[in-house]
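See structure below.
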Amino acid sequence: MTNELPLSTVLIVDDSPSNIRVMAAVLQERYRVKTATSGQQCLDMALRHKPDLILLDIEMPGISGYETCRELKDMSETRDIPVIFVTGRDNIEDEEMGLRIGAVDYITKPIRPVILSARVDTHVTLKRQQDRLLQLAMHDQLTGLYNRHYMLEMVDQRLSRARRHNTPLSLLIVDLDHFKQINDTHGHIVGDQILEQVSALLNQQCRTEDTVTRFGGEEFLILMEPCSLNQAHYKAEVMRHQISELMPSGIEVTVSIGAAEFSDSDTNFNDMLKRADDALYRAKANGRNQTEL
Ligand code: GH3
Ligand code: MG
Ligand code: MG
Ligand code: MG
Ligand code: MG
């Protein structure tokens, strides 16, 4: 394990190989440098490599730098990558245009290494800080799972997409049984370890299309799509059984699970959540360590 951060990636886009050479020479000691010689190649590489910054020429054969920038800002996958125009067009109108369509900076040729370096450093640092803040805002620190905030931010979009495509979508609430008692008996630190181990199991058992979140203290929500109520029930039972055999930290741990499927009559996420929560309540009332629909 090393504490060093991986090098940030800078994508240089210019139709002139000699311009690329000059910029790469300035940056390659401190950055992983990728290069493209057209707007189309820039779009392909931006999607493939997710660079932390793009240096973009304006005048190129095929689609111009302006058009390329507009397309980058249109796609959710590339929207947050900062773009700096590096161009021979040394006039205010072009600079205004470049900044208006979403570039963070505008540098004119001939390239001055110190200025290029300083501006690249500034925007790569900002990008990395933004990525870090987003990561913190979306995830639970203890378990590394997505958090409640993330779930509530993304769920409406997921529900409308499922409704539009007519794909079944289901929700599980997984709640540890008598967890207060486990904490009281074994201590909070052991309780935390159990939460981590149960989280890891839930995450492993779910597919990448499923969204596993720590929604509250010892309560997890799992959004599954495409997934009918029957399939959700089956998966819930597999996970419940595995957790009962996990013996995290050497302690017998069980969960109760409530399941619900998004239905045509639901107006929002809360309607489905309420059904899953009612089902969880029944699973608890019936004696715990079971799944209810
Ligand atoms: P039930 O079977 O009815 O769900 O009982 P329970 O004890 O699990 O439920 P209750 O809601 O009474 O208590 C939940 C407990 O979870 C209380 C709280 O101390 C514990 N808890 C919540 N978050 C954490 C955490 O981050 N770490 C630890 N160690 N415990 C936590
Ligand atoms: Mg050019
Ligand atoms: Mg509980
Ligand atoms: Mg209790
Ligand atoms: Mg609970």
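We count ligands from 1, going down the list as the structure has it; atoms in each ligand are counted the same way.
- Using a 4.0 Å cut-off between a side-chain N of Lys or Arg and a carboxylate O of Asp or Glu, Lys109 and Asp14 qualify as a salt bridge.
- Salt bridge Arg70/Asp74: absent, no basic N to carboxylate O contact under 4.0 Å.
- Look at Asp278 and Lys274 and you find a salt bridge, because one of the NZ, NE, NH1 or NH2 atoms lies within 4.0 Å of a carboxylate O, short of that distance.
- Listed by first and then second residue, the salt bridge (Lys or Arg N to Asp or Glu O under 4.0 Å) pairs that reach into residues 236-253 are Glu237-Arg240, sequence neighbours excluded.
- For the residue pair Gln231 and Pro226, the shortest heavy atom distance occurs at OE1-O, 4.3 Å.
- No more than 12 heavy atoms of other residues, nucleotides or ligands sit less than 6.0 Å from atom OH of Tyr281.
- Atom CG of Asp140 is separated from atom CG of Leu145 by 6.5 Å, given to the nearest 0.5 angstrom.
- Take a cut-off of 2.8 Å around the Mg ion (ligand 3): the protein N, O or S atoms inside it are Asp175 OD1, Leu176 O, Glu218 OE1.
- When all heavy atoms of Gln197 and Pro248 are compared, the closest pair comes out as OE1-CA, 3.3 Å.
- The side chain to side chain contact (heavy atoms under 4.5 Å, CB included) search around Thr37 returns Ile20, Gln41, not counting sequence neighbours.
- Around the Mg ion (ligand 2), the protein N, O or S atoms found under 2.8 Å comprise Asp15 OD1, Asp57 OD2, Glu59 O.
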